[in-house]
Amino acid sequence: MKKHVEIHVTGCVQGVGFRPTVYRHAMEFGLSGSVRNDARGVIIDVAGDEAQIAAFVTRLRQAPPPQARIDEITSRTLSTPGDSELFTIAASTRSGDVAVGMPPDLTACGNCVREMHDPGDRRYGYPFLNCTDCGPRFTIIKKLPYDRERTSMADFVMCPDCREEYESQADRRFDAQPNACPKCGPCLRLIDSDQQVLDGDPLETTVKLLREGFIVAVKGLGGFHLACLATDADAIQRLRNRKKRPDKALAVMFREISQIRQHYRVTEPEEAELQSVAHPIVIVQRRHNCGLPSLLSPDTLDIGAFLPYTPLHHLLLDRVSPLVMTSANLAEEPIAHTLEHLRPLLGTVADFVLDHNRDIVRCCDDSVVRMVGATRLFMRRSRGFVPTGLRLPVSGPAVVACGADLKNTFCVSREDYAYPSQHIGDLLDAGSHRLFDTAAPDFCQLLEVTPHYLAHDMHPGYVSTRLAKHFPNAARVAVQHHHAHIAACMAENGVTEPVIGIALDGTGYGPDGTVWGGEFLVADLCDFTRLAHFRQYRMPGGEAAIREPARMALSVLLREGLIDEASNLDSIPGVRAIPAGERAILAQLIRRGTAAPLTSSAGRFFDAVSALLGCCETAVSYEGQAAIRLQAAADTRVHSRYPYEIQEHEVSFAPMLAALLADARTGVDTPRLAAMFHNTVADAAVEMCSRIRASHGISTVALSGGVFQNDLLLSLVTDGLRDRGFRILIHQRVSPNDSGISLGQAAVALARHGS
Ligand code: ZN
Ligand code: ZN
Ligand code: FE
């Protein structure tokens, strides 16, 4: 029977080659009609045999373009007959609101990479080819709707061949906005640190320079990478010295998956993630015969590996691989995305620059993920994921949420979708601060929203809250840091009913004026009650106690009466690292509580134990280093644990500390102690949840906070909770660390004030 149907598809369906795919499927099933973009997605008007239409919809569901994501397909039957004999792609009006489906930057697709490697193709060896399935999006779009004239491709005029592809409905470059070829598109150039352009083939010279051990800044999709040979320890050390990054792991790009396997263990889910649409950096584990310098990741067996995701990466890595590819910046600054931003690094960090003339409109760092079994745990959600929206279980007037001061992202909501921003960085850094100031208004403009609410942390001195100055008309909503963590986890899991929230992290402002970070909450999206927390300890010297874990070790031992000021501390790891002259002063700060704020932070507690076990006695060079070393030390075959105490509102590990110290003195090896520490913390957390379930009748637990980036702890806690029959919510769409805070803030604001 003949039918005429209008089909509406929502999700990430624009700018990803969706309409050409619809066209091909429609032709295959002999349907007539048209396909066009509209405000919320794609509208398909089809007429034909009823069974064929049904088959067409099934096909669409099963075989959408690789980069698309279908949220919903709805259809209604029209009473009018379909009029066209043909199927056409209707010229999109591009009016209205196309932000909803705006895709992230897309990894070079297989077809394009094949063309680039084909000596007979007109794009042979061309680093800027793309098609409707792939290429830059988020980082080249100045303004929506997404049209070439509003991207940084505007200045490149398509040659007749490219124009023909662009206009031909059957071509895979139909309507591909950044379409380009060697005749008409962007090109490479190699410049030295004085910005003089070098003669010769930029690509081949770069390859030669990298092989000789030079550090070359390479312009990518969302910014410049600093590249050097990953097999050359001298080059890596030079890069570390210049970048002032002595210890933190460096990401390494490999030509292909088989090359990663030579050096690292890659599980099936890790392989799938490495080759997924976003091509993120995936944390994998060293083989014992890895063969690459341990200098790449001195603290752990883990390293961030990734595969080429732009045509230029392919051309480079085809010739020289593997390469260290780390963001071009100093410390926690934003990634440099223009020559202007890169200038301070020229000659001081980078010897040369492989540059090109397609502007990066907004910076976007690489995303970093760790696979825990088959579950994706974000360390950083940025390139390849941003600006994809996340569906919320709440809705209402637009919110802009400021996020946290460290690892900042902000988040903009529109109706029941939240759009977390790209990685911004640590706002205490001036560069990140500037980026934050421009990126937030830019994001709102891109999404075409005017925020009604501005959600921010309760901390009175938080830098991020200053975002308020850009949105003077938005009503303010203050959200406690750990409530935001738990709310983020609830929101991304679509949960609104009350949960037990375990928030374990480094630092968050508590309304009682102390520093929180080892928290057991009962929370819904609107509000929370703090039911219990880790025992509080003094942080002697405040921020200095974050940089020097030994200070926390001293504080914890004094508080628990395991040492006294008179005892000889030279035999105690961690504490002995504190210069003798400083010990008495610090002890005094701790005793008097001056310049020594109280904290229940799990992060600080991990620091203290890491120092005590001798894993990290000196100052840390990056956030989380002490805990990372402690985790790396743990022998996961050990399943025993130490005792602990739960009083009504407090979890105390005093009994564990005494036993740990005694064991360390009798020479029990560190891997065993580190494992038992993890087991004890996990067991205490699970036990606390059981008690809360008994008293409050809640059996869903949400896990959040940066400490849960520790996949050992995460696995132990989730295993324990599962054994006791809890429903467990973990982060899979944003990070458990502070970059996930902004999503939680937005969800809380909507829950309180939305519809
Ligand atoms: Zn392509
Ligand atoms: Zn061309
Ligand atoms: Fe936090």
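Read the numbers this way: they start at 1 and go in the same order the structure lists the ligands and their atoms.
- Residue H482 does not count as close to the Fe ion (ligand 3), with no N, O or S atom under 2.8 Å.
- Rounded to 10°, the angle formed at the Fe ion (ligand 3) by NE2 of H481 and NE2 of H485 is 100°.
- Rounded to the nearest 10 degrees, the angle SG (C181) to the Zn ion (ligand 2) to SG (C162) equals 110°.
- Among heteroatoms of the N, O or S kind in D738, OD1 lies nearest the Fe ion (ligand 3).
- Note that R383 lies in the cation-pi zone of Y309, set by a 6.0 Å cut-off to the ring centre and a 45° limit from the axis.
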### Task
Using the salt bridge (charged side-chain N to carboxylate O under 4.0 Å, His left out) rule, take R381 and E492 through it: C-alpha gap first, then chi angles, then the decisive distance, then the call.
CA-CA 14 Å; R381 179 188 183 271; E492 68 159 79; over 6 Å; no

### Task
Just do the ring pair (Phe, Tyr, Trp, His ring centres under 6.0 Å) check on F606 and F677 with the steps written out, would you?
CA-CA 9 Å; F606 273 66; F677 164 78; 4.8 Å; yes

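- Remark: at the Zn ion (ligand 2), atom SG from C159 and atom SG from C184 enclose 120°, rounded to the nearest 10 degrees.
- Summary: OD2 is the N/O/S atom of D505 found nearest to the Fe ion (ligand 3).
- Around the Zn ion (ligand 1), the angle linking C131 (SG) with C134 (SG) is 120°, rounded to 10 degrees.
- One finds an angle of 110° at the Zn ion (ligand 1) between SG on C109 and SG on C112, to the nearest 10 degrees.
- Between R530 and E650 there is no salt bridge, since no side-chain nitrogen of the basic residue lies less than 4.0 Å from a carboxylate oxygen of the acidic one.
- Using a cut-off of 4.0 Å between Lys/Arg side-chain N and Asp/Glu carboxylate O, R163 and E167 are scored as salt-bridged.
- Between E165 and R123, at least one side-chain nitrogen of the basic residue sits less than 4.0 Å from a carboxylate oxygen of the acidic one, meeting the salt-bridge criterion.
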